[in-house]
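Accompanying notes for the structure given below.
All values below were derived from every heavy atom in this structure, side-chain atoms included, with hydrogens, water molecules and symmetry-related copies excluded. Nothing fancy with the numbering, it's 1 onward along the sequence.
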Amino acid sequence: MSATRAPVMFIGHGSPRWALSPGEAAIRLQEFSGFFDHVKAVLVISPHWITRGMYLTASSKPETIHDFGGFEEALYKLQYPVAGEPDLARKIQSLLQEQGIAVALDEKRGLDHGAWVPLMHMLPEHTIPVLQLSLDAGSTPESLVALGEQLKSLRNEGVAVIASGSLTHNLYHIGDENGPPLDYVVRFQNWIREQVIARNIASLSRPNIESEEFSTAHPSAEHYLPLLIAMGASSDADQFSLLESPVLYQALSMESYGWN
């Protein structure tokens, strides 16, 4: 293992309101933040940027996008004033295109809350440049794992890969912020944890078949899919970290994973 190899993470980003109420989930991220001491840049994939085809931010100063509505005014005043890295964006574009993966650069798009909210807690100093890669609406589980495998080489160059999403994401079941987690949430979270620890990528790629809880936990799959990118970008040689956190609003898993 290279001493400069950057980490991979899957981060449960919960509700936008998490930006105002850090809690235990933020503490877990802060405990992992030491692995970013020598990171040169961060590449984030979030389910809040879904496109036809794949796009990559190439702005030198990505804006903080408040892509939500109906929350406290204080939330819309928060900023994550981080630099971008256009040269690195072009390098990643070339890397993926060499592998037959088409990606276009977007010089105007900033960072959505799936990216900046967890980074605000984990890397609050804004000193590491951040790029964001969109989720292609035409992706399959297999193509997402393969994408992660192609991104893996960036880690040896000091680029961390963060897949942001949620192990459970049924907004119809949102309840009290600190109420007890729903039974299916616990069961599905535990099932994912077991598969991740065992690196059972085959089962994780077909959760609708392998787990009875998937359709309830994810009425739509976009918050689950980034996990597959993280699995592809990590490896058996990595040290695995479980960032165990409470379930918020009874239905949103905040559990996160790290590989370094």
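- Ion pairing of Glu177 with Arg17 is absent here, as no side-chain N (NZ or NE/NH1/NH2) approaches a carboxylate O to less than 4.0 Å.
- Annotation: Trp18 is not in aromatic contact with His113 [ring centroid separation under 6.0 Å not met].
- Glu63 meets the salt bridge (Lys or Arg N to Asp or Glu O under 4.0 Å) test with no other residue; sequence neighbours excluded.
- Phe240 has its ring centre less than 6.0 Å from the ring centre of Tyr257.
- In this view, Glu149 satisfies the salt bridge (Lys or Arg N to Asp or Glu O under 4.0 Å) rule with no residue, not counting sequence neighbours.
- Side-chain contact of Gln132 with Asp112: a donor-acceptor pair under 3.5 Å is present, judged by distance alone.
- Residues meeting the side chain to side chain donor-acceptor pair (under 3.5 Å) test with His169, sequence neighbours left out: His223.
- Defined by atom type and a distance below 3.5 Å, a donor-acceptor pair is present between the side-chain atoms of Ser234 and Arg199.
- We find that Asp238 and Lys152 are not joined by a salt bridge, their nearest charged nitrogen and carboxylate oxygen being 4.0 Å or further apart.
- With sequence neighbours left out, the side chain to side chain donor-acceptor pair (under 3.5 Å) criterion links Glu222 to Ser220.
- Grouped with Val247 in one hydrophobic cluster are Leu182, Tyr184, Val185, the linkage being side-chain heavy-atom contacts under 4.5 Å among Ile, Leu, Val, Met, Phe, Trp and Tyr residues.
- In this structure, the side chains of Pro181 and Gln250 stay at 4.5 Å or more apart for every pair of heavy atoms.
- Here Glu125 pairs with nothing under the salt bridge (Lys or Arg N to Asp or Glu O under 4.0 Å) rule; sequence neighbours left out.
- The pair Asp136-Arg52 does not meet the salt-bridge criterion, since no charged nitrogen lies less than 4.0 angstrom from a carboxylate oxygen.
- A salt bridge is absent between Glu255 and Arg28; no separation between the charged side-chain nitrogens and carboxylate oxygens falls under 4.0 Å.
- We find that Lys40 and Glu85 are not joined by a salt bridge, their nearest charged nitrogen and carboxylate oxygen being 4.0 Å or further apart.
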